[in-house]
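Chain naming here is simple, since letters A, B, ... match the order of the sequence lines and numbering starts at 1 in each.
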Amino acid sequence: EADIYQTPRYLVIGTGKKITLECSQTMGHDKMYWYQQDPGMELHLIHYSYGVNSTEKGDLSSESTVSRIRTEHFPLTLESARPSHTSQYLCATLRGDQETQYFGPGTRLLVL
Amino acid sequence: GNSVTQMEGPVTLSEEAFLTINCTYTATGYPSLFWYVQYPGEGLQLLLKATKADDKGSNKGFEATYRKETTSFHLEKGSVQVSDSAVYFCALRQNNAGNMLTFGGGTRLMVKP
């Protein structure tokens with residue numbers, strides 16, 4: 001089972017602030033994903049990575065950006081947060097030869 | 001494209017009642033199918049999966065059978081407990097390089113004592 005950590009777990013910030021949501025994993029999984037979960041519960045893929053220096057946009061257009069400089073870390077950054085970014089953000093990982101994605105506990109973001 | 005449709009909630013049951021949460025999918029080829037569960041304040045956990053037609057996934061008393069003829073993967077449990085209260089997500093994974101999941105909209109289950 002993968003160990004996936006997301007920080008912070010909860011964040012309340014004002015409009016216009018720059019924020020970075022951290023996702024780290026200790027299992028050496030090569031594939032990592034960011035999902036946005038809206039209040040209606042539906043999950044949308046916003047970014048994914050096949051490995052170091054690989055990042056791709058997902059199905060849902062997002063103003064956030066990601067980076068993958070190290071296998072263990074896949075941070076997500078919002079340059080200027082807006083109330084429309086209020087959501088829960090879930091990070092997930094997958095080992096290349098496996099089928100099951102493992103999810104972190106999520107970050108609940110509230111932008112005032 | 002791929003899509004997953006699951007019954008809307010909330011589903012409210014009494015303890016020990018029988019549970020069915022319907023899930024149907026649209027996909028090309030032979031996707032793998034999953035049920036994930038999300039307890040309050042937590043991320044998603046894999047509940048069960050099936051990788052080919054007629055496979056049955058099972059875990060913690062929950063079961064789902066991969067039915068290709070009806071493109072369905074309904075979740076069932078014979079006797080629910082209060083601790084089963086959570087949101088359940090049906091998902092499919094297309095067997096390609098991205099290994100990306102397509103999720104249904106989620107179904108909230110509330111079990112009352």
>> Hydrophobic clustering (ILVMFWY, side-chain heavy atoms < 4.5 Å, transitive) - are A:V66 and A:Y48 grouped together?
In response: no
>> To the closest 0.5 Å, what do you measure between CZ (B:R93) and CG (A:L94)?
In response: 7.0 Å
>> Which atoms of A:Q6 are under 4.5 Å from chain B, going by heavy atoms: the side chain, the backbone, both sets, or neither?
In response: neither
> Taking atom CG of B:L46 and atom CZ of A:F103, what is their separation to the nearest 0.5 Å?
Replying inline: 9.5 Å
> Considering only heavy atoms, which portion of A:E56 lies under 4.5 Å from any heavy atom of chain B: side chain, backbone, both, or neither?
Replying inline: neither
> Can you get from B:V4 to B:L109 by hopping between Ile, Leu, Val, Met, Phe, Trp and Tyr side chains that sit under 4.5 Å apart?
Replying inline: yes
> Which bit of B:L44 comes within less than 4.5 Å of chain A, counting heavy atoms only: side chain, backbone, both or neither?
Replying inline: both
> Looking at side-chain heavy atoms only, is the closest gap between B:L101 and A:Y35 below 4.5 Å?
Replying inline: yes
>> Assigning hydrophobic clusters by single linkage (Ile, Leu, Val, Met, Phe, Trp, Tyr; side-chain heavy-atom cutoff under 4.5 Å), is B:V87 placed with B:L19?
In response: no
> Which residues, numbered in order, of residues 31-42 of chain B come under 4.5 angstrom of chain A by heavy-atom distance?
Replying inline: B:S32, B:F34, B:Y36, B:Q38, B:G41, B:E42
> Got a sec: does the NZ of A:K17 have more than 12 other heavy atoms crowding it under 6.0 Å?
Replying inline: no
> Taking atom CG of B:N2 and atom CG of A:D59, what is their separation to the nearest 0.5 Å?
Replying inline: 9.5 Å
> Is the count of non-hydrogen atoms from other residues, nucleotides or ligands lying under 6.0 Å from B:Q81 atom CD greater than 12?
Replying inline: yes
> Under 4.5 Å between side-chain heavy atoms, hopping through other hydrophobics if needed: is there a path connecting A:L90 to A:L109?
Replying inline: no
>> Would you say CG of A:L112 has more than 12 non-hydrogen atoms from neighbouring residues, nucleotides or ligands within 6.0 angstrom?
In response: yes
> Considering only heavy atoms from C-beta outward, does the side chain of B:F89 approach that of A:M41 to under 4.5 Å?
Replying inline: yes
> Side-chain heavy atoms under 4.5 angstrom apart, residues restricted to Ile, Leu, Val, Met, Phe, Trp, Tyr: same cluster for B:V111 and B:Y88?
Replying inline: yes
